[in-house]
There are 2 protein chains.
Amino acid sequence: MGRKRTKSGKIRLAEVAELAGVSPITASRFFRNPEALSVAKRTRVESAARELGYVPNLAARALASQRTEVIGVLIPSLTNNVFSDVLRGIYDASEGSRYSIQLSNTRYSILQEEKLLRLFLAQKPAGLIVTGIDQTAESRAMLEAADCPIVQIMEIGPNPVDMMIGFSHYDAARAAIAHLFAQGHRRIGFVGARMDPRVQRRLDGYAAAVKDAGLFDQRLIVTTATPTSVTLGGALFADLLAREPDIDAVFCANDDLALGVLFECRRREIAVPDQIAIVGFNDLEFMASSVPTLTSVRTNRYEMGSTAAAMLIEAIEGKRPEEPVLDLGFTVIERQSSQTQRSAASPRAPEWVPAVQNDSVTNDP
Amino acid sequence: MGRKRTKSGKIRLAEVAELAGVSPITASRFFRNPEALSVAKRTRVESAARELGYVPNLAARALASQRTEVIGVLIPSLTNNVFSDVLRGIYDASEGSRYSIQLSNTRYSILQEEKLLRLFLAQKPAGLIVTGIDQTAESRAMLEAADCPIVQIMEIGPNPVDMMIGFSHYDAARAAIAHLFAQGHRRIGFVGARMDPRVQRRLDGYAAAVKDAGLFDQRLIVTTATPTSVTLGGALFADLLAREPDIDAVFCANDDLALGVLFECRRREIAVPDQIAIVGFNDLEFMASSVPTLTSVRTNRYEMGSTAAAMLIEAIEGKRPEEPVLDLGFTVIERQSSQTQRSAASPRAPEWVPAVQNDSVTNDP
DNA sequence: TTGTACGCGTTATCAA
DNA sequence: TTGATAACGCGTACAA
């Protein structure tokens with residue numbers, strides 16, 4: 001008969017078992033698979049655990065079971081609004097589950113991602129969420145060799161490692177440009193920053209759309225590797241204007257840039273949308289309340305996170321989804337900044353408030 | 001002579017030790033405190049570990065040592081820009097250390113915080129970072145009983161549980177109001193949302209400042225428990241205007257609200273700062289590039305996070321700071337939206353670009 | 001500076 | 001459905 005109480009003063013499984021009058025392994029089963037116990041023992045263990053205030057020791061569990069209940073998450077940025085929404089979804093969906101989130105920031109570096117991946121995999125995570133589809137060959141190999149479910153988020157593409165959830169940035173950009181064409185715009189500029197793979201694909205979508213219309217012009221494209229910001233949006237737009245003063249619309253790779261462009265227009269007394277239309281990307285909250293309100297492409301970021309985590313947990317527990325690739329789509333939210341036809345109306349008129357449900361071009365697959 | 005290889009095929013410490021020709025405990029020491037080994041053995045263990053690709057099993061380590069290398073972090077929001085900056089600081093400072101971050105979202109609920117705290121403490125974290133100074137009595141008791149270093153972040157106040165890093169939201173608000181008084185404003189409104197403890201203290205600072213000037217008027221204060229947003233800023237300002245049309249300045253509890261107020265002014269053709277001055281709080285990036293540029297109170301969020309994590313790690317390793325409470329101060333960044341005197345100048349004139357370094361009222365303690 | 005003996009709290013395995 | 005036994009891989013305590 002060993003000690004009854006652990007050195008640290010914490011309650012162990014063995015004590016719960018003793019109070020309940022069962023063996024430790026039975027008590028152990030109660031916490032992992034209560035159905036496997038007879039009702040009588042189940043209630044006895046339950047009340048014993050409650051009485052003693054038992055809390056399982058996760059380290060011991062991980063050691064004995066040779067697996068952890070940790071979901072690794074690799075994202076490129078902690079401050080970008082896009083990822084904070086995704087993160088919130090992931091945390092919300094994991095809450096209440098037995099899994100905990102281990103988060104790391106790749107800082108938009110696929111080499112950093114590779115390094116972190118190696119670290120994560122060494123701890124045998126229960127599952128993994130990684131951003132995008134542009135891993136290094138080495139990362140790709142590690143992911144494919146990993147013996148846990150994996151979800152790639154933010155975009156969709158061919159050859160998923162395992163599961164995938166996102167939308168087509170290429171199609172979304174094309175839809176935004178189609179909207180601008182429909183409004184009568186012809187010389188449409190592109191403003192992009194950071195130029196990570198997803199922004200690059202938005203640029204590709206833009207380029208394809210204007211090429212199809214025979215309106216492609218390399219000089220209408222202004223990009224930089226610098227991280228995005230509102231101020232940068234203004235500066236890039238200034239560059240664009242200096243080079244091509246006759247543009248009639250700007251498609252911004254994200255909403256911060258779009259807001260910067262709007263401010264720059266105001267600074268230069270350029271009327272929006274009369275002289276220049278603006279379209280952003282992501283549909284952050286402020287886009288609906290700026291003056292004029294700003295057209296953007298809405299993406300389902302929170303759902304991307306929460307669904308990714310939910311899918312992953314299901315897969316960990318053996319219930320793999322029928323379709324491993326989930327397209328969450330996007331919606332072009334048409335607002336004042338791109339509505340040329342009615343631009344003579346007063347910005348204060350109530351009829352200007354966009355009825356999102358009716359005006360929108362949705363691509364919900 | 002046991003097995004030489006673990007079932008899972010992973011390399012164990014014992015194998016490294018064998019290859020190096022030392023006992024397992026010596027190899028163990030190498031990974032935790034290399035200085036304690038003779039140079040000869042140190043190099044032998046090092047090359048053996050490298051050759052075998054050894055990765056320590058954290059679960060076994062945690063079980064044997066009765067402690068983890070996990071830093072728990074409790075913050076009220078994942079999406080609020082303020083906290084994403086803090087988080088980035090925390091993650092950056094923990095990177096490269098042996099500690100990993102376990103993050104949880106209290107959603108601005110101190111009851112949720114209490115629940116999460118209980119969960120965290122059960123896992124014996126190496127250290128803890130918690131937000132603010134308004135824990136429940138129960139939480140407070142748990143924190144005080146915890147046998148690990150703790151840092152309270154975001155604000156400073158009396159009776160730290162352990163360490164504390166932040167600034168006085170009360171003083172910061174007073175400084176903002178003092179600036180508005182200095183610019184000649186008399187009827188200064190307050191717009192606040194969420195009304196978490198820190199926003200409440202900004203309101204207290206505002207109220208004290210206007211009372212001191214004999215200018216307090218309850219009707220100038222508009223608040224709501226609703227989460228903050230740009231749109232909400234516009235709506236709250238509209239309420240304020242409807243009630244008190246003769247205000248000449250608005251102090252917003254954060255920058256999103258301030259931007260919303262700016263847009264609402266534009267919608268109503270109210271000149272800023274000529275008719276109404278606007279001051280925000282936090283100095284998010286867009287404040288410097290809006291039209292007009294917006295005055296705000298700069299806070300050192302990233303440093304708050306990185307310093308908190310760095311202090312905590314030092315404390316975990318036995319090097320407690322001499323002064324447990326660190327005031328990171330704030331700076332009133334004066335921009336166009338509150339500069340009454342020169343408001344007749346064109347917003348496009350270059351002299352309008354604020355020279356932050358010269359114009360600012362700093363409170364760096 | 002290095003090593004021995006043992007414990008950390010739980011779960012896998014297999015038998016009953 | 002339940003239980004006995006033996007890991008799981010490493011660190012603590014103490015001795016050498």
Side-chain angles (χ1 to χ4, degrees), chain A residues 1-45 48-49 52-69 98 122-124 126, chain B residues 1-45 48-49 52-69 98 122-124 126:
Chain A
M1 299 288 87
R3 70 248 126 89
K4 287 277 98 77
R5 185 59 57 93
T6 167
K7 243 181 282 180
S8 54
K10 290 196 62 174
I11 308 297
R12 290 174 309 156
L13 192 57
E15 298 165 54
V16 176
E18 190 179 50
L19 181 61
V22 300
S23 76
I25 188 64
T26 301
S28 170
R29 287 193 183 104
F30 168 78
F31 292 103
R32 294 172 295 144
N33 182 18
E35 332 294 289
L37 270 63
S38 65
V39 185
K41 302 219 168 179
R42 197 185 310 172
T43 52
R44 299 230 312 271
V45 175
L52 296 172
Y54 170 71
V55 180
N57 180 320
L58 299 186
R61 179 176 285 181
L63 180 59
S65 67
Q66 298 279 64
R67 50 199 171 67
T68 63
E69 286 170 345
R98 59 201 302 173
Q123 302 311 323
K124 302 217 171 221
Chain B
M1 305 282 83
R3 68 243 127 92
K4 287 275 99 77
R5 187 56 60 91
T6 166
K7 242 180 287 180
S8 53
K10 291 198 62 173
I11 308 297
R12 291 173 309 155
L13 191 56
E15 298 165 53
V16 175
E18 190 179 48
L19 181 60
V22 300
S23 76
I25 189 64
T26 301
S28 169
R29 286 193 184 105
F30 168 78
F31 294 103
R32 292 171 295 139
N33 183 17
E35 331 294 289
L37 268 62
S38 64
V39 185
K41 303 220 168 179
R42 199 185 308 171
T43 51
R44 299 231 312 271
V45 175
L52 296 171
Y54 171 71
V55 180
N57 181 321
L58 298 185
R61 180 177 282 180
L63 181 59
S65 68
Q66 297 279 66
R67 50 200 171 66
T68 63
E69 286 171 345
R98 58 202 302 171
Q123 302 310 324
K124 303 217 172 222

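Rounded to an integer number of Å, the gap from A/Glu18 CD to C/dG9 P is 15 Å. The nearest whole Å value for the distance from the CG atom in B/Asn33 to the P atom in C/dT1 is 10 Å. Note: CG (B/Leu63) to P (C/dC6) measures 18 Å, nearest angstrom. Between the CD1 atom of A/Ile11 and the P atom of C/dT10 there is a distance of 10 Å, rounded to whole Å. Distance B/Leu37 CG to C/dT1 P: 9 Å, rounded to the nearest Å. Look at CG on A/Asn57: it is 6 Å from C1' on C/dG9, rounded to the nearest Å. Distance B/Arg67 CZ to D/dT12 C1': 10 Å, rounded to the nearest Å. One atom, CZ of B/Arg44, and another, P of C/dT1, lie 16 Å apart when rounded to the nearest Å.
The line from CD of A/Glu18 to CZ of A/Arg12 is 9.5 Å long, rounded to the nearest 0.5 Å. Of the inter-residue distances, the one linking A/Lys41 atom NZ with A/Arg29 atom CZ reads 10.5 Å to the nearest 0.5 angstrom.
One can find a donor-acceptor pair under 3.5 Å joining the base of C/dG3 and the side-chain atoms of B/Arg29.
Distance from the side chain of B/Arg61 is smallest for D/dC10 among the nucleotides C/dG9, D/dC10, C/dT10.
The side chain of B/Thr26 places an N or O atom within less than 4.0 Å of a non-bridging phosphate oxygen (OP1 or OP2) of C/dG3. Side-chain N/O atoms of A/Arg32 include one lying less than 4.0 angstrom from OP1 or OP2 on C/dT11. Taking 4.0 angstrom as the limit, A/Arg12 places none of its side-chain polar atoms (N or O) nearer than this to OP1 or OP2 of C/dG7. Between B/Gln66 and D/dC10 there is no side-chain N or O to OP1 or OP2 distance below 4.0 Å. Considering only side-chain N and O atoms, B/Ser23 lies nowhere under 4.0 angstrom from the phosphate OP1 or OP2 of C/dT2. In this model, the phosphate group of C/dC8 is not approached by any side-chain N or O of B/Lys124 to a distance below 4.0 Å at OP1 or OP2.
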Exercise. Side chain to side chain contact (heavy atoms under 4.5 Å, CB included) between B/Glu35 and B/Phe30: does it pass, once the steps are laid out?
Worked result: CA-CA 8 Å; B/Glu35 331 294 289; B/Phe30 168 78; over 6 Å; no

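Residue contacts shown for A/Ile25 include a base, since a base heavy atom lies under 4.0 Å away. Using a 4.0 Å heavy-atom cutoff across all strands shown, B/Tyr54 reaches sugar-phosphate atoms only and no base atom. A/Arg42 comes within contact range of no nucleotide atom at all, as no heavy-atom separation falls under 4.0 Å.
Nearest-nucleotide positions on DNA chain D for B/Leu58 and A/Pro24 put A/Pro24 closer to the 5' end. Mapped onto DNA chain C by nearest heavy atom, A/Phe31 and B/Lys41 fall at different nucleotides, with B/Lys41 at the one closer to the 5' end.
No side-chain donor-acceptor contact under 3.5 Å links B/Ser28 to the backbone of B/Pro24.
For the pair A/Glu69 and A/Arg98, the minimum side-chain heavy-atom distance is below 4.5 Å.
Under 3.5 Å, the side chains of A/Arg42 and A/Ser38 contain no donor-acceptor pair of N or O atoms.
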